[in-house]
Amino acid sequence: MRGFVHSIETMGLVDGPGTRTVFFLQGCPLRCAYCHNPDTQKRMGGEELTPEQVLHIVERYRPYYGEEGGVTFSGGEPLLQGEFLAASLQILKREGYNTCVDTSGYGDPRYYPAILPHVDTLLLDVKAFDSAAFAQLTTVNGFDTYLAFLNSLEENGFQGQIWVRHVMVPGLTDSEEFMRQLVELIRPIWARVDRIEILPYHTAGVKKYERLGIPYRLEGVEPMDKGRAKELEIYANKVFAESLRAQRQAQAEQKQEQPRREAAASELEKSALLSVLRGLPLFADLAEEDVEDILKLVTLADIKEGEYVFKTGDPPEFMYLIYQGQMKIFINTLDGEEQIFYIYRDGDFVGGLNLLVETPYRYIGQALTDCKVVVISKAAFDKYFYDSPVVLRSVLVKSFERIRWAEELIQRLATSNASMKTAGLLLKLAKRIGVETAEGIRLELSMSREELGNFSGLRRETITRKLGEFKELGYIDLLGSKVIVIKDLEALESYVL
Ligand code: SF4
């Protein structure tokens, strides 16, 4: 089996995440008025390749793909060559490549179940928001076909993320009202949409039409103003994030209507208990002379950035109270990734529960900055703290906070897309280490991009890309690699439940 390949771009940077090899396939029936690749519209032509040859080509470029990059099929309309596309994707996935398909949703549905489960990112073109506009912009009455594609992604096994793309032509869809229509149109796929991109219409392809002797239907239309397109892109992403949040909230409420009422009552009790406990420092109910005795039994350790405080399997011999600095608590997952659970700082403690129930440490504690840590031995703990209601309550509260945190983390990892995870992480950091300044909430980070990714369940390249996008959207500012300034807290909050 062979596919017709118009051309190959070996190091593409705009057709999906990271660096990618892009195969532009022949054939597209839509004939969009602004198409800048009219030479790809013919069904046949170009080079004929087998899926095995596709694999052979991309093997050469594998070292450049990094964590996020991979292979993209674009066009033309790649779904038109369904059989070839399905076979190529299956081979690529078997070999561990990240895959991406750039489509207008106009292909042969018979092949969708063989194609869609093997696509990591769908670059989904949204041409128009109603039937008439679709027919006018393309040359076919294909709006219903497009909607059917949107609605069938899930049932055809698509599990990836979607980047929605819309080419904005001045005078056609360049208004906030149209951006709201765009968001509404993609409602069936909201859960999978990672970002909305507005591509300003340009006239770079006009010359090709002259060369091919095809009349250009947008003759005289000026290129779209890039600044205005960016404004509307920011607006569309905001509307989308708010709509998605409202939808998730409504779904969560509907699902848990009964248990939620019960939970609300106990939440109230718990938060009242928490607010009382928070006011009590760990040593508060110890007698003055006991404190003096304890001073002989505890040590103040200076721990340098990067040093381990405890490791998985360490026996429950000490608990640690952070006096100054920051510590991360994490595990190494089976696939070698680091999963950070908590970042602890001044006043936080860890290990109390281990001493109480005498179980070894399950996680790893490592200093993120130079730290001063009070090390309390089991002997001191047993003698002075074991019977202290204040300490027991503090341990209980910490454990409760950790359970909540873990629950949130599981939910975040399971149900959020990359934007939500990144926004959630920034909000968490804002609460924890944010400092209000005239420019916004300043976050002085002690973590690298990789550690930020590990904290939020994202890869380093994804978190870097997401931070770049948030910067472009005006939500944050990046000052070097260690400082983030949150400029639009509301916008970030709109991503998070
Ligand atoms: S869908 Fe893409 S390739 Fe097809 S005509 Fe439109 S712009 Fe050109």
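Bear in mind that the values here come from a model prediction, so they are computed numbers and not experimental data. Indexing begins at 1, ligand by ligand and atom by atom, following the structure's order. Both backbone and side-chain heavy atoms feed into the values below; hydrogens, waters and symmetry mates do not.
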Practice item. For Glu59 and Arg62, run salt bridge (Lys or Arg N to Asp or Glu O under 4.0 Å): C-alpha distance rounded to whole Å, both residues' side-chain angles, the deciding distance at 0.1 Å, then the answer. Key: CA-CA 5 Å; Glu59 273 167 351; Arg62 192 168 201 157; over 6 Å; no
Revision key, fill the gap. From the list Phe240, Tyr34, Phe129, ring-ring contact (aromatic ring centres under 6.0 Å, His included) with His166 holds only for Phe129
Check your understanding: For atom 2 (Fe) of ligand 1, what is the nearest protein heavy atom, given as residue, atom name and distance?
Key -> Lys127 NZ, 4.2 Å
Exercise for review: Run the ring-centre check on Phe149 versus Tyr112 and record whether the distance is less than 6.0 Å.
Suggested key: yes
Practice item. Answer yes or no for His36: is there a heavy-atom contact with ligand 1 below 4.0 Å? Key: no
**Study point:** pair Lys421-Thr462: side-chain heavy atoms closer than 4.5 Å
**Key:** no
Review point. Do NZ/NE/NH1/NH2 and the carboxylate oxygens of Arg432 and Asp348 come within less than 4.0 Å?
Key: yes
Point to revise | Between Tyr495 and Phe470, ring centroids under 6.0 Å | key: yes
**Study point:** Atoms of the protein (N/O/S only) found under 2.8 Å from atom 4 (Fe) of ligand 1
**Key:** Cys28 SG
Review point. For Met168, which of Asp225, Thr173, Leu182 qualifies under side chain to side chain contact (heavy atoms under 4.5 Å, CB included)?
Key: Thr173
